Engineer: 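Got a structure here, written out as structure tokens. Questions coming.
As the structure is a prediction and not an experimental result, all values here were calculated from the model.
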Amino acid sequence: MMSQPTHPLPLDPAVVKVVAQLDENRLEAWRERAAIMEFDAGLPRLEAERQALIDTFARHGLPQAPLSCLLHAEINGCSQWVLSTDAGFARQQLIEIGASAIEAADLDDVVRSQYRDLAFLSTSS
């Protein structure tokens, strides 16, 4: 049984955040490009990792980053859907108002199945 290779974290904290969002194909492409740029082209590792990220996006496109999260919760016995740009904050707020059974949900599926492709948003009080 082969062990999974371990790769060091990127040197630039901003690159760490972006790389953490990559799918497996883009991540492998980034790792390969960074290694080529560092070892074959002789770039310092920091620069190689940054340049490899740009090259990976140029070749494979930008990843789809979730701009929002949808949570399903039970509040006072009623099913509620909560849309937020910060899942952790939204969960904390829901807990504070007594919500239970808080679960992540797929936005497209919920809007299609629960709202017949058109959902209206309102603000919380």
Engineer: For the atom pair CD (Glu49) and CZ (Arg31), what is the distance rounded to the nearest 0.5 Å?
Structural biologist: 11.0 Å
Engineer: Starting from Leu11 and following side-chain heavy-atom contacts under 4.5 Å between hydrophobic residues (I, L, V, M, F, W, Y), which residues can be reached?
Structural biologist: Leu46
Engineer: Show your working on side chain to side chain contact (heavy atoms under 4.5 Å, CB included) between Trp30 and Val18 and close with a plain yes or no.
Structural biologist: CA-CA 11 Å; Trp30 172 78; Val18 175; over 6 Å; no
Engineer: Tell me which pairs pass salt bridge (Lys or Arg N to Asp or Glu O under 4.0 Å) where either residue lies in residues 15-25, with sequence neighbours left out.
Structural biologist: Asp23-Arg26
Engineer: For Ala48 and Ala34, work out which heavy atoms get closest and say how close.
Structural biologist: CB-O, 3.6 Å
Engineer: Mind listing the side-chain donor-acceptor pairs of residues 69-82 below 3.5 Å, one per line with the distance, residues two or more places apart or on another chain?
Structural biologist:
residue, atom, partner, partner atom, Å
His72, NE2, Ser79, OG, 2.4

Engineer: Do any side-chain atoms of residues 50-57 form donor-acceptor pairs under 3.5 angstrom with protein atoms, and if so which ones, sequence neighbours left out?
Structural biologist:
residue, atom, partner, partner atom, Å
Arg50, NE, Asp12, OD2, 2.8
Arg50, NH2, Asp12, OD2, 3.0
Gln51, NE2, Glu47, OE2, 2.9
Asp55, OD1, Arg59, NE, 3.3
Asp55, OD2, Arg33, NE, 2.6
Asp55, OD2, Arg59, NE, 3.0
Thr56, OG1, Ala52, O, 2.7

Engineer: I'd like to check the side chain to side chain donor-acceptor pair (under 3.5 Å) partners of Glu96; sequence neighbours left out, ordered by chain and number.
Structural biologist: Gln92
Engineer: Which donor-acceptor pairs under 3.5 Å do side chains of residues 107-116 form with protein atoms, sequence neighbours excluded?
Structural biologist:
residue, atom, partner, partner atom, Å
Asp109, OD1, Arg112, NH1, 3.4
Ser113, OG, Asp109, O, 2.9

Engineer: Could you tell me which residues satisfy side-chain contact (heavy atoms from CB on, under 4.5 Å) with Phe89, sequence neighbours excluded, listed by chain and number?
Structural biologist: Asp86, Gln93
Engineer: Kindly write out the residues that satisfy salt bridge (charged side-chain N to carboxylate O under 4.0 Å, His left out) with Arg91, not counting sequence neighbours, or none if the list is empty.
Structural biologist: none
Engineer: Over all heavy atoms of both residues, which pair between Arg45 and Pro8 is shortest? Give the atoms and the distance, please.
Structural biologist: NH2-CB, 3.5 Å
